[in-house]
2 protein chains.
Amino acid sequence: MATIQEVARKAGVSSATVSRVLNNRISVASSTRIKVEQAIKDLKYEPSMLGRNLRNSESRLLLVLIHSFSNPYYSEIINGIEDYSIANDYNILLCDADSNPERETTFLNMVKNKLADGIISMNPTVDIHKLTELAQKHPIILCSEYYEEVPIPYVAIDNEAAAYRAVKHLIKLGNEKIAFINFDESFLYARQRRKGYERALKEFDIPVNDEWIFNTQGLDFQEGVQVMRKILRLENRPTAVFAVSDTLAIGALKEANVRGLKIPDEMAVVGFDNISFSNMTNPTLTTVSQPMYDMGHKAARMLIDKIKGQSVESLIMDHELIIRESTLN
Amino acid sequence: MATIQEVARKAGVSSATVSRVLNNRISVASSTRIKVEQAIKDLKYEPSMLGRNLRNSESRLLLVLIHSFSNPYYSEIINGIEDYSIANDYNILLCDADSNPERETTFLNMVKNKLADGIISMNPTVDIHKLTELAQKHPIILCSEYYEEVPIPYVAIDNEAAAYRAVKHLIKLGNEKIAFINFDESFLYARQRRKGYERALKEFDIPVNDEWIFNTQGLDFQEGVQVMRKILRLENRPTAVFAVSDTLAIGALKEANVRGLKIPDEMAVVGFDNISFSNMTNPTLTTVSQPMYDMGHKAARMLIDKIKGQSVESLIMDHELIIRESTLN
DNA sequence: GTAATAAATGTAATCGATTTCATAACATAA
DNA sequence: TTATGTTATGAAATCGATTACATTTATTAC
């Protein structure tokens with residue numbers, strides 16, 4: 001691999017001039033520019049990012065923390081992040097900590113080590129204290145997961161309002177006994193969605209029944225199956241389910257199907273996230289859609305602005321209720 | 001951010017000694033080691049990877065080329081790649097070219113630019129000529145997608161045998177009219193799977209009917225739906241379908257369901273890949289499983305071996321037929 | 001034609017680590 | 001005590017780019 005020095009020698013100029021040609025700086029005579037460009041071609045020279053980055057003390061790499069590659073929820077957000085990043089000459093490094101704290105430390109250190117210029121975290125299990133400390137010296141943005149009283153800018157939706165809307169939709173269809181499959185409520189979004197669930201019930205004078213509220217430890221399809229089994233064993237059986245993730249909802253839907261329940265008549269189901277599968281279930285799944293691509297795009301913009309030293313404001317995005325067969329007669 | 005120089009000054013030693021402490025080199029007195037470690041703590045020093053990598057001319061970053069984040073097929077492979085890589089102090093950079101040749105070039109240049117030490121490509125739409133050229137100077141491994149007559153080591157399964165096995169399974173169940181939903185046959189794996197399909201038919205003296213062979217341009221659920229619609233319109237209608245990807249199979253399954261066909265009696269379905277959702281459809285999907293985690297693990301090992309300068313051999317892994325409800329009465 | 005100004009290019013420092021080579025300090029053997 | 005070997009450390013070069021500053025060359029004004 002040729003270096004800038006070799007190009008300079010071949011073109012009969014100094015390395016400074018070659019650098020100026022590479023970076024399109026002003027003041028380089030077109031005759032020398034041509035000589036240099038020829039030398040670059042002849043030697044098939046490619047500038048080393050290592051040298052450049054060391055000098056500029058930037059890596060032009062952004063870290064994106066997710067919880068697990070297997071979660072289809074992330075893919076559109078990532079597309080949004082990536083499009084904006086690449087358009088601005090940043091690459092992204094996708095990191096799934098997979099609830100492995102050691103690996104998470106590795107990733108967080110990359111930003112201290114100058115191997116990454118900033119972080120977008122979408123990982124709900126991230127160590128928020130470490131992250132907050134890191135945020136004092138390095139640009140960090142939260143996407144979709146955020147924390148009250150943590151001074152890190154975020155982009156997210158209004159989870160309380162979205163859950164409220166989903167549950168209200170079920171009520172309007174005539175359901176009064178609505179189960180709620182929630183994730184572990186140590187996560188803010190789970191608490192917020194629960195608030196929305198309860199607000200909708202209260203608005204219609206339906207009492208909250210704790211027997212119908214389930215908190216899962218994970219978001220696998222299988223957890224949804226398990227919960228639906230529990231639901232079907234209840235004496236006073238709900239006629240509808242609102243799940244905080246499509247994967248849970250799809251598992252629940254499947255189990256209801258297997259048990260021969262008519263959907264939505266005997267069991268209506270609403271999910272959350274609008275993952276691509278949600279349109280491929282039988283029946284198709286009603287779900288809350290977040291503007292995922294847009295959220296990713298915005299998060300990337302916020303991060304890059306922050307890297308540039310600008311101050312950024314948190315964003316709340318609009319959600320949408322997508323009504324499909326699982327709540328449609 | 002403190003530099004190694006500042007640590008050296010604070011500890012009253014030279015930067016060379018600090019470096020030796022950091023890298024656990026021999027010959028540093030334990031008294032000075034303690035002084036240096038104290039200084040590192042006091043200054044909260046973290047070594048800059050940029051400086052280190054420049055000096056060592058390595059980035060310890062591996063590129064993983066995929067076609068699109070949205071494809072669930074990759075996630076387990078990526079887990080395998082990542083586990084091995086991280087255990088060997090490499091990080092991975094996930095790149096979806098998303099059939100954007102410009103972006104692909106960006107990624108391939110990273111290895112020329114020394115921003116990455118090697119590449120694992122799983123992208124079937126990659127520009128194989130560029131990749132082959134790059135492979136002459138840089139470590140590259142193909143995973144799951146490979147090319148005959150291209151001298152790049154790969155890890156993959158025997159696609160012909162896997163398809164043969166899937167189709168034979170359908171025949172043994174009594175099906176003689178078996179449709180085949182294949183991807184674009186410009187891809188080697190599509191040609192190989194077709195060969196397997198035809199071999200199974202021939203073995204049982206069933207003529208190949210071109211009317212029952214469909215080539216899709218993409219792998220979306222929706223394409224599977226479309227094909228099943230075409231199938232159901234045929235006068236001489238097949239009683240079974242073998243699709244080369246689960247996403248296609250799930251689309252086909254859904255459409256057959258919607259049209260009220262009994263599965264598997266009136267329409268048996270086999271997919272390929274064993275994505276997690278294939279166990280959540282109704283009925284669940286029979287599919288060919290590749291040892292994905294293992295393939296990723298092996299691919300990473302091959303790449304890192306190659307980076308170390310060792311020579312590596314291509315690998316063919318075993319597949320497995322997972323029989324579920326879509327072919328089970 | 002000369003001075004003043006602008007444009008083009010080169011020299012050398014710099015980013016932050018690692019490592020070769022030289023040297024100092026110390027220990028051991030004769 | 002001197003010679004020899006070992007261990008610990010430092011000085012300085014190095015990786016490959018960028019850039020402040022210095023210098024040369026070209027252009028313009030009078």
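Residue numbers start from 1 in every chain, and the chains themselves are labelled A, B, ... in the order their sequence lines are given, proteins ahead of strands.
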Indicate, with a heavy-atom threshold strictly under 4.0 Å, whether [X] touches base, sugar-phosphate, or nothing.
X       : result
B/Val18 : nothing
B/Ala29 : sugar-phosphate
B/Leu50 : nothing
A/Ser19 : base

Whole angstrom is fine here: how far is it from [atom1] in [X] over to [atom2] in [N]?
X        : N      : atom1 : atom2 : result
B/Glu6   : C/dC15 : CD    : P     : 10 Å
B/Glu58  : D/dT14 : CD    : C1'   : 16 Å
A/Asn56  : C/dC15 : CG    : P     : 13 Å
B/Leu115 : D/dG16 : CG    : P     : 14 Å
A/Arg52  : C/dT14 : CZ    : P     : 22 Å
B/Met49  : C/dA17 : CE    : P     : 10 Å
A/Leu22  : D/dG16 : CG    : P     : 15 Å
B/Asn113 : D/dA17 : CG    : P     : 9 Å

Is any side-chain heavy atom of [X] closer than 4.5 Å to a side-chain heavy atom of [Y]?
X        : Y        : result
A/Val126 : A/Tyr147 : yes
B/Leu61  : B/Ile92  : no
A/Ile81  : A/His297 : no

Of the listed nucleotides ([options]), which one gets closest to any side-chain atom of [X]?
X       : options                : answer
A/Ala16 : C/dA17, D/dT19, D/dT9  : D/dT19
A/Ser14 : C/dG10, D/dT9, D/dA17  : C/dG10
B/Leu54 : C/dG10, D/dT18, D/dG16 : D/dG16

Between [N] and [X], is there an OP1 or OP2 to side-chain N/O distance shorter than 4.0 Å?
X       : N      : answer
A/Arg55 : C/dT14 : no
A/Thr3  : D/dG16 : no
A/Thr17 : C/dG10 : yes
A/Asn23 : D/dT18 : yes
A/Thr32 : C/dT9  : yes

message: For A/Asp220, give me all partners under salt bridge (Lys or Arg N to Asp or Glu O under 4.0 Å), at least two apart in sequence or on another chain.
response: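 Salt bridge (Lys or Arg N to Asp or Glu O under 4.0 Å) check on A/Asp220 returns nothing, list empty.
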- prompt: Among all residues two or more places apart in sequence or in another chain, which pass the salt bridge (Lys or Arg N to Asp or Glu O under 4.0 Å) test with A/Glu133?
  reply: none
- request: Could you label the plane-to-plane angle of the A/Tyr154 and A/Tyr146 rings as parallel, tilted or perpendicular, counting under 30° as parallel and over 60° as perpendicular?
  value: parallel
field: Test log, rule side chain to side chain donor-acceptor pair (under 3.5 Å), inputs B/Asn79 and B/Glu82
entry: CA-CA 5 Å; B/Asn79 283 331; B/Glu82 199 175 39; over 6 Å; no
statement: One would report the end-axis bend of the helix from C/dG1-D/dC30 to C/dA30-D/dT1, five pairs per end and rounded to 10 degrees, as 50°
- prompt: Crowded around A/Gln310 CD? As in, over 12 foreign heavy atoms under 6.0 Å?
  reply: yes
